[in-house]
Visitor: 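Below you will find the structure I want to go over with you.
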Amino acid sequence: KKLRELILELAVRGKLVEQDPTDEPAEELLLKVYKENEASSSKKSKTSEFTTDDAPRPYSVPRSWAWAHLGDLFDIVYGKGLPKSKLTDEGYEVFGANGIIGKYTEYTYEHPQLLISCRGAYSGKANISPAQCFITSNTLILRNCWSYLTLQYFYYALTVADKSKIVTGSAQPQVTTANLSPFLVAVPPLEEQHRIVQKVDELMALCDRLEQQTSDQLEAHETLVDTLLGTLTQSENATQLADNWARLAAHFDTLFTTEQSIDK
């Protein structure tokens with residue numbers, strides 16, 4: 001888990017892949033994004049927001065990158081209300097606060113969407129919905145045409161971002177559009193966004209392999225402990241018990257290294 005977090009932290013700070021001086025700078029990219037947003041929605045263009053805003057930056061990024069508010073990059077809207085009583089066994093998947101909660105006869109979005117959980121214990125958590133999915137009102141949708149931005153990059157950026165300040169309420173945590181809109185996110189050039197996603201995916205696949213190997217090793221270890229403890233408890237007499245114990249005691253430090261093996 002820590003290794004995965006480190007990979008993402010390096011990625012969103014511009015330290016995972018090299019910068020290419022031929023890439024279009026992010027400031028020029030943002031002008032296109034804001035213009036596209038203005039044309040495709042009722043949102044007012046804020047084409048100078050990334051240069052005039054004086055809010056402190058969470059960390060330093062490469063010179064070719066730029067900072068932008070989520071509300072300027074995305075049209076942030078709530079999902080649609082859907083009572084649990086209306087969920088069905090068949091149909092299109094329904095995405096709740098943090099995953100699929102059932103199915104329904106309709107879907108609200110044809111393509112995968114970038115999401116932020118907005119109610120309950122998962123408030124602030126980033127997700128990506130599947131295609132042809134009904135997204136409930138427990139989630140905020142960060143809508144964009146994705147012509148100049150990469151959905152997967154922003155999912156990674158929001159996954160590791162410190163979003164504690166946008167979550168309000170203790171008994172019932174929530175995230176509102178008003179809190180999420182001014183949140184700052186680092187924007188790399190489009191070509192670099194693609195390179196970052198490719199490198200992160202490659203390294204995450206290696207993490208998956210390491211995790212599987214560790215899981216396999218732990219399973220083998222548990223089987224070994226079970227077998228040796230079994231021979232100990234099934235000893236028929238004192239001599240046999242002494243022999244079995246001697247065999248086990250010789251490898252005591254190797255066998256009893258996990259919480260489960262110690263409990264056994």
Side-chain angles (χ1 to χ4, degrees), residues 1 4-5 7-8 11-12 37 40-43 70-71 73-147 149-181 183 185 193 197 200-201 204-205 207-209 211-212 214-216 218-219:
K1 182 182 176 181
R4 292 181 194 276
E5 289 174 358
I7 291 167
L8 293 183
V12 302
N37 287 347
S40 62
S41 73
S42 59
K43 290 169 65 64
L70 288 180
L73 294 175
F74 304 102
D75 183 17
I76 305 174
V77 299
Y78 287 96
K80 196 174 179 181
L82 182 69
K84 285 187 177 180
S85 59
K86 290 193 174 183
L87 294 176
T88 58
D89 294 329
E90 296 182 354
Y92 301 101
E93 291 180 313
V94 177
F95 201 102
N98 189 48
I100 304 302
I101 59 171
K103 294 187 177 181
Y104 189 54
T105 53
E106 303 172 9
Y107 63 85
T108 50
Y109 288 90
E110 176 79 26
H111 303 290
Q113 300 294 316
L114 179 61
L115 312 174
I116 293 288
S117 179
C118 65
R119 289 190 182 88
Y122 293 104
S123 290
K125 188 176 185 298
N127 284 298
I128 296 177
S129 65
Q132 293 189 329
C133 183
F134 188 105
I135 301 170
T136 75
S137 55
N138 287 327
T139 288
L140 287 169
I141 304 143
L142 281 64
R143 300 194 303 198
N144 189 278
C145 298
W146 301 111
S147 302
L149 302 176
T150 307
L151 187 151
Q152 196 74 26
Y153 167 78
F154 284 91
Y155 165 70
Y156 289 147
L158 291 174
T159 295
V160 291
D162 179 11
K163 301 181 289 297
S164 56
K165 291 182 180 179
I166 68 170
V167 181
T168 59
S170 52
Q172 180 65 20
Q174 65 172 343
V175 177
T176 65
T177 55
N179 288 344
L180 189 60
S181 290
F183 189 82
V185 64
Q193 290 178 37
V197 169
V200 168
D201 288 348
M204 289 299 179
C207 286
D208 289 342
R209 286 168 55 189
E211 206 165 52
Q212 185 58 51
T214 303
S215 176
D216 291 344
L218 286 172
E219 192 174 332

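FYI, side chains are in, hydrogens and waters are out, and symmetry mates aren't considered; it's all heavy atoms of this structure. Predicted, not measured: the structure shown is a model, and the values here were computed from it.
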Visitor: Is the number of heavy atoms from other residues, nucleotides or ligands under 6.0 Å of Glu219 CD greater than 12?
Guide: no
Visitor: State which residue, out of Thr159, Asn98, Thr139, fulfils the side chain to side chain donor-acceptor pair (under 3.5 Å) condition with Lys125.
Guide: Asn98
Visitor: Mind checking whether Tyr78 and Ile135 have side chains closer than 4.5 Å, heavy atoms only?
Guide: no
Visitor: For Met204 and Leu8, run side-chain contact (heavy atoms from CB on, under 4.5 Å): C-alpha distance rounded to whole Å, both residues' side-chain angles, the deciding distance at 0.1 Å, then the answer.
Guide: CA-CA 10 Å; Met204 289 299 179; Leu8 293 183; 3.7 Å; yes
Visitor: Within the 4.5 Å heavy-atom criterion, are Lys103 and Asp89 side-chain neighbours or not?
Guide: no
Visitor: Describe, in one word, how the ring planes of Phe74 and Trp146 are oriented to each other, choosing from parallel (under 30°), tilted (30 to 60°) and perpendicular (over 60°).
Guide: tilted
Visitor: Please examine the side chains of Asn138 and Ile101, heavy atoms only from C-beta on, and report whether any two atoms are closer than 4.5 Å.
Guide: no
Visitor: Are there over 12 heavy-atom neighbours, none belonging to Lys163, within less than 6.0 Å of that residue's NZ?
Guide: yes
Visitor: Tyr122: which residues meet the ring pair (Phe, Tyr, Trp, His ring centres under 6.0 Å) condition with it, sequence neighbours left out?
Guide: none
Visitor: Can you list everything that forms a side chain to side chain contact (heavy atoms under 4.5 Å, CB included) with Glu90? Sequence neighbours excluded, please.
Guide: none
Visitor: Minimum heavy-atom separation for Pro173 to Ser123, with atom names?
Guide: O-OG, 3.1 Å
Visitor: Could you tell me whether a side-chain N or O of Gln193 sits under 3.5 Å from a main-chain N or O of Thr150, the two making a donor and an acceptor?
Guide: yes
Visitor: Going from OG1 on Thr176 to CZ on Arg119, what distance comes out if it is rounded to the nearest 0.5 angstrom?
Guide: 10.0 Å
Visitor: Tyr156: what forms a ring pair (Phe, Tyr, Trp, His ring centres under 6.0 Å) with it, not counting sequence neighbours?
Guide: none
Visitor: Quick one: side chain to side chain contact (heavy atoms under 4.5 Å, CB included) partners of Pro130, sequence neighbours excluded?
Guide: Glu93, Phe95, Ile100, Cys133
Visitor: Of all the heavy-atom pairs spanning Thr177 and Ile76, show the shortest one and how long it is.
Guide: CG2-O, 3.8 Å
Visitor: Say whether, by atom type as modelled, one donor and one acceptor occur between the side chain of Ser129 and the main chain of Gln113 under 3.5 angstrom.
Guide: yes
Visitor: Any non-hydrogen side-chain atom of Leu158 less than 4.5 Å from a side-chain atom of Leu114?
Guide: yes
Visitor: Looking only at non-hydrogen atoms, find the nearest pair between Cys207 and Ile7 and report the distance.
Guide: SG-CD1, 3.8 Å
Visitor: Which pair of non-hydrogen atoms, one from Leu180 and one from Leu140, has the smallest distance, and what is that distance?
Guide: CD2-CD1, 3.8 Å
Visitor: Does any N or O in the side chain of Thr136 come within less than 3.5 Å of the main-chain N or O of Leu82, such that one atom is a donor and the other an acceptor?
Guide: no
Visitor: Please report the shortest heavy-atom distance between Ala11 and Val200, naming the atom on each side.
Guide: CB-CG2, 3.7 Å
Visitor: Minimum heavy-atom separation for Val12 and Ala157, please, with both atom names.
Guide: CG1-CA, 3.4 Å
Visitor: Applying ring pair (Phe, Tyr, Trp, His ring centres under 6.0 Å), name anything that partners Tyr92, two or more places apart in sequence or on another chain.
Guide: Tyr107
Visitor: Roughly how far, to the nearest 0.5 Å, is the NZ atom of Lys86 from the CZ atom of Phe134?
Guide: 9.0 Å
Visitor: Is there side-chain contact between Phe154 and Leu142, with at least one heavy-atom pair below 4.5 Å?
Guide: no
Visitor: Residues two or more places apart in sequence or in another chain: which of them pass salt bridge (Lys or Arg N to Asp or Glu O under 4.0 Å) with Arg4?
Guide: Asp208, Glu211
Visitor: Side chain of Asn37, backbone of Leu73: donor and acceptor closer than 3.5 Å?
Guide: yes
